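The structure appears right after this line, and notes come after that.
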Amino acid sequence: FMSKIVYLLGAGASYGKRGKDKIKCEVERHDKDGRRIITTMNCPTLYRGVPIVSELPSRLFYMYAWLDDEINKIKNDSLDKRNLEKLAEDINWLHNESGRHATIDTFAKKLYLIGQEDDYCRLKRAFTIFLMWEQMNKQPDIRYDSFFAAILGDIYDDFPKEVSIVSWNYDCQLELAYREYCRIDSISGIAKKLGVKDKELGIKSDDSAGLKIMKLNGCALIEDNHYILDPFFDTTQTPIGRVLSLYKHSEGDRTLLSFAWEKMDDEYKSMISTQVGDAETVVVIGYSFPFFNRKVDRFLFESMPNLKNIYIQDPYADRIVQTLLSVIPSHIYPITKVEKITTTVFGIRMMSSLRKYLLLAV
């Protein structure tokens with residue numbers, strides 16, 4: 001089956017829930033003259049979901065402060081302590097650079113273009129471990145739970161055949177939310193059941209799976225000898241033990257995280273264009289069509305010759321329409337209706353024909 005309805009997801013779809021009070025984090029260091037230096041930063045409290053772009057510098061510092069505290073608890077000069085110190089250095093480096101650039105993607109693009117391969121791999125490694133750590137400690141955005149409850153049929157893997165998801169997100173929010181339905185304690189097992197088609201092909205989906213999820217930026221996971229490391233459901237190790245294990249297995253470029261400007265092979269492009277080729281409706285959630293994704297976004301819309309409706313669900317839908325129009329082929333736009341939905345509450349409306357679902361406000 002090819003999709004009639006395609007959800008196009010960006011970071012806003014994983015926004016989650018924040019607390020009213022901010023966390024004050026602190027790191028103490030001494031300079032070369034022995035003077036005590038204390039660095040503090042306030043960061044948002046996340047109860048669900050993952051950080052958005054503006055929150056990444058402070059949340060990275062929060063992880064750095066957490067690592068520093070855990071390192072100070074280790075009294076002996078062990079290999080584990082040295083590995084954690086290296087990871088803390090990487091997280092602090094990424095924190096500093098994220099504050100100097102518009103986004104982490106911007107910094108990554110610069111490293112990629114100027115050929116700094118070691119730092120490029122360092123960025124992907126640190127960012128992957130950071131995102132996995134963020135998701136280890138909290139529940140996914142509750143709206144994904146509502147989504148699955150609405151679209152599933154009589155059993156947990158009875159998905160509507162006409163629906164698929166194209167995601168720019170690196171996170172595992174979809175997989176973690178679906179775990180509550182399928183009860184599979186393996187991130188790769190859940191991904192196969194969902195029909196995830198990872199850009200890096202590290203996760204091979206079950207071709208019989210009803211829902212197809214295409215991750216254009218890969219996923220913040222680590223692969224070692226064709227095995228996906230899975231810290232999310234591990235109850236045998238402490239949080240610091242799980243993070244240490246991720247770091248030790250991530251040497252080299254073993255992350256499944258990718259970026260829009262990295263090569264997308266013809267097989268993957270063909271799979272995407274086939275899957276979305278019958279699309280009549282696109283629902284855009286939490287995605288702003290950033291400039292460096294334009295080439296791939298244009299490819300997506302060019303692959304949908306039958307597109308009739310686009311729904312943009314975002315508090316700033318008005319400004320997103322302008323960037324959207326720059327990626328829609330001119331021969332499609334005059335006959336394509338664009339509707340703006342400024343509420344961020346997930347809801348479900350059933351369309352007139354059987355099992356056509358839209359993620360809309362109710």
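Heavy-atom basis, side chains included; hydrogens, waters and symmetry copies ignored. What you are looking at is a predicted structure, and each value in this text was computed from that prediction instead of being measured.
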- Should I285 and V50 be regarded as members of a common hydrophobic cluster, given that ILVMFWY residues are connected when their side-chain heavy atoms come within less than 4.5 Å of each other, either directly or indirectly?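 The answer is no; the residues belong to distinct hydrophobic clusters.
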Test salt bridge (Lys or Arg N to Asp or Glu O under 4.0 Å) applied to [X] - qualifying residues, sequence neighbours left out:
{"X": "E89", "value": "none"}
{"X": "K340", "value": "D318"}
{"X": "K110", "value": "none"}

Counting only heavy atoms not in [X] (residues, nucleotides, ligands), do more than 12 fall under 6.0 Å from its [atom1]?
{"X": "I23", "atom1": "CD1", "value": "yes"}
{"X": "D21", "atom1": "CG", "value": "no"}
{"X": "E85", "atom1": "CD", "value": "yes"}
{"X": "D154", "atom1": "CG", "value": "no"}

- Query: Under 4.0 Å between a Lys/Arg side-chain N and an Asp/Glu carboxylate O for R179 and E175?
  - Reply: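 E175 and R179: not salt-bridged.
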Between [atom1] of [X] and [atom2] of [Y], what distance do you get to the nearest 0.5 Å?
{"X": "T39", "Y": "R29", "atom1": "OG1", "atom2": "CZ", "result": "8.5 Å"}
{"X": "D69", "Y": "C25", "atom1": "CG", "atom2": "SG", "result": "11.5 Å"}
{"X": "L216", "Y": "L9", "atom1": "CG", "atom2": "CG", "result": "10.0 Å"}
{"X": "I5", "Y": "T281", "atom1": "CD1", "atom2": "OG1", "result": "5.5 Å"}

- Message: Can you confirm if the aromatic rings of F107 and W93 lie within a centre distance of less than 6.0 Å?
- Response: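 Yes; F107 has its ring centre under 6.0 Å from that of W93.
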- Distance only, no hydrogens: is a donor on one side chain within 3.5 Å (strictly under) of an acceptor on the other, for N96 and Y64?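 Side-chain D/A pair, N96 to Y64: absent.
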- Side chains of Y181 and D157: donor-acceptor distance under 3.5 Å anywhere?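 No - no donor-acceptor pair under 3.5 Å links their side chains.
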Checking the side chain of [X] only, and the main-chain atoms of [Y] only, is there a donor and an acceptor separated by less than 3.5 Å?
{"X": "R59", "Y": "P44", "answer": "yes"}
{"X": "E180", "Y": "A177", "answer": "no"}
{"X": "S245", "Y": "R242", "answer": "no"}
{"X": "N306", "Y": "A279", "answer": "no"}
{"X": "S270", "Y": "D266", "answer": "no"}
{"X": "K81", "Y": "K73", "answer": "no"}
{"X": "Y287", "Y": "A13", "answer": "no"}

- Item | side-chain hydrogen bond (donor to acceptor under 3.5 Å, both in side chains) assessment of T103 paired with T106 | CA-CA 5 Å; T103 66; T106 305; 2.8 Å; yes
- For the residue pair F148 and Y178, categorise the inter-ring angle as parallel (less than 30°), tilted (30 to 60°) or perpendicular (more than 60°).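 Correct class here is tilted.
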- Item | Geometric class of the W261/F292 ring pair [parallel <30°, tilted 30-60°, perpendicular >60°] |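 Plane angle over 60°, so perpendicular.
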- Item | Step-by-step side-chain hydrogen bond (donor to acceptor under 3.5 Å, both in side chains) determination, Y227 to S188 | CA-CA 9 Å; Y227 174 74; S188 55; over 6 Å; no
- Message: Which heavy atom of N169 sits nearest to which heavy atom of K215, and what is that distance?
- Response: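 Shortest heavy-atom contact: O-CD, 4.5 Å.
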- Query: At their closest point, which heavy atom of R122 faces which heavy atom of D90, and how far apart are they?
  - Reply: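 It is NE-OD1, 2.7 Å.
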